[in-house]
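Structure first, then comments.
As the structure lists them, so they are numbered: ligands from 1, and atoms in each ligand from 1. FYI, side chains are in, hydrogens and waters are out, and symmetry mates aren't considered; it's all heavy atoms of this structure.
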Amino acid sequence: MLNDIDYVLYSEEKIAEIVKKIGAEISEDYKDKNLLLVSVLKGSVAFMTDLMRAITIPCEIDFMAVSSYGSGTKSSGTVRILKDLDRDITGYDLLIVEDILDSGKTLSFLIDVLYTKNPASIRICTLFDKPERRQVDIFPDYKGLLVPDEFIVGYGLDYNEKYRNLPFIGVLKREVYEK
Ligand code: IMP
Ligand code: MG
């Protein structure tokens with residue numbers, strides 16, 4: 001598995017530091033709100049579990065699953081909901097917890113869908129941001145670390161469902177997905 005990694009972009013320690021910082025900001029901003037963290041499976045699972053423990057105010061969590069990628073490295077543009085929320089979100093302050101904002105197509109679709117369900121508010125929290133690749137106007141309210149236009153894996157992020165269990169963020173060797 002490690003042989004497929006070109007280099008380590010962000011270490012476990014660096015990620016932990018940023019997640020703590022974002023958690024503190026959210027705890028401050030949402031102290032008088034009805035916070036519901038919505039995690040988008042599966043890539044954001046590592047981030048979600050660390051972030052929720054860095055949040056010091058009451059909150060609830062829920063999960064959605066969407067697919068936009070198939071097995072490649074580029075967004076297909078078609079987003080399917082594979083798993084919807086379990087509850088009525090009326091009146092909740094939703095914070096969408098995403099692993100990475102790339103073209104932005106997945107999140108912009110998701111936000112449109114969620115707005116029709118009458119939440120009190122919706123904001124976006126993404127751990128990684130690849131702004132160079134954006135194709136729609138979408139601006140994260142909380143963002144962790146910038147990522148160059150490379151394909152990264154680890155800390156929940158996959159290539160063909162593999163590498164999610166790496167504790168750091170690594171850049172995948174091109175030969176792995178270009179062969
Ligand atoms: P978007 O619709 O292009 O913004 O797609 C975002 C989703 O694509 C993320 O939630 C990830 O699951 C996936 N993704 C985008 N870039 C990467 C990457 O570099 N590594 C792994 N997954 C990625
Ligand atoms: Mg994802």
Measure the spacing between OH of Tyr30 and CG of Leu35 and express it to the nearest 0.5 Å.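 It is 6.5 Å, given to the nearest 0.5 Å.
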Which pair of heavy atoms, one from Asp99 and one from Thr126, lies closest together, and at what distance?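 That closest heavy-atom pairing would be O-OG1, 3.5 Å.
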Out of Phe128, Phe151, Tyr159, indicate the one that has the non-hydrogen atom closest to atom 21 (C) of ligand 1. Phe151
Between Thr126, Leu41, Leu157, which one has a non-hydrogen atom sitting closest to atom 22 (N) of ligand 1?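 The nearest heavy atom belongs to Leu157.
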Asp99, portion touching ligand 1 at heavy-atom distance under 4.0 Å: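 For Asp99, only side-chain atoms sit under 4.0 Å from ligand 1.
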Does only the side chain of Glu150 get under 4.0 Å from ligand 1, or the backbone, or both, or neither? Count heavy atoms. backbone
Using non-hydrogen atoms of the residue, decide whether [X] is closer than 4.0 angstrom to ligand 1.
X	answer
Ser103	yes
Lys130	yes
Val79	no

What I want to find out is whether Asp158 reaches Arg164 closely enough, with some N-O distance under 4.0 Å, to be called a salt bridge.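 Answer for the salt bridge query: yes.
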Using a 6.0 Å cut-off, check whether atom NZ of Lys83 has over 12 heavy atoms from anything other than its own residue. yes
NZ (Lys33) with more than 12 external heavy atoms under 6.0 Å: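 No.
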Looking at ligand 1, does any of its N/O atoms fall within less than 3.5 Å of an N/O of Gly104?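 Right, the criterion is met.
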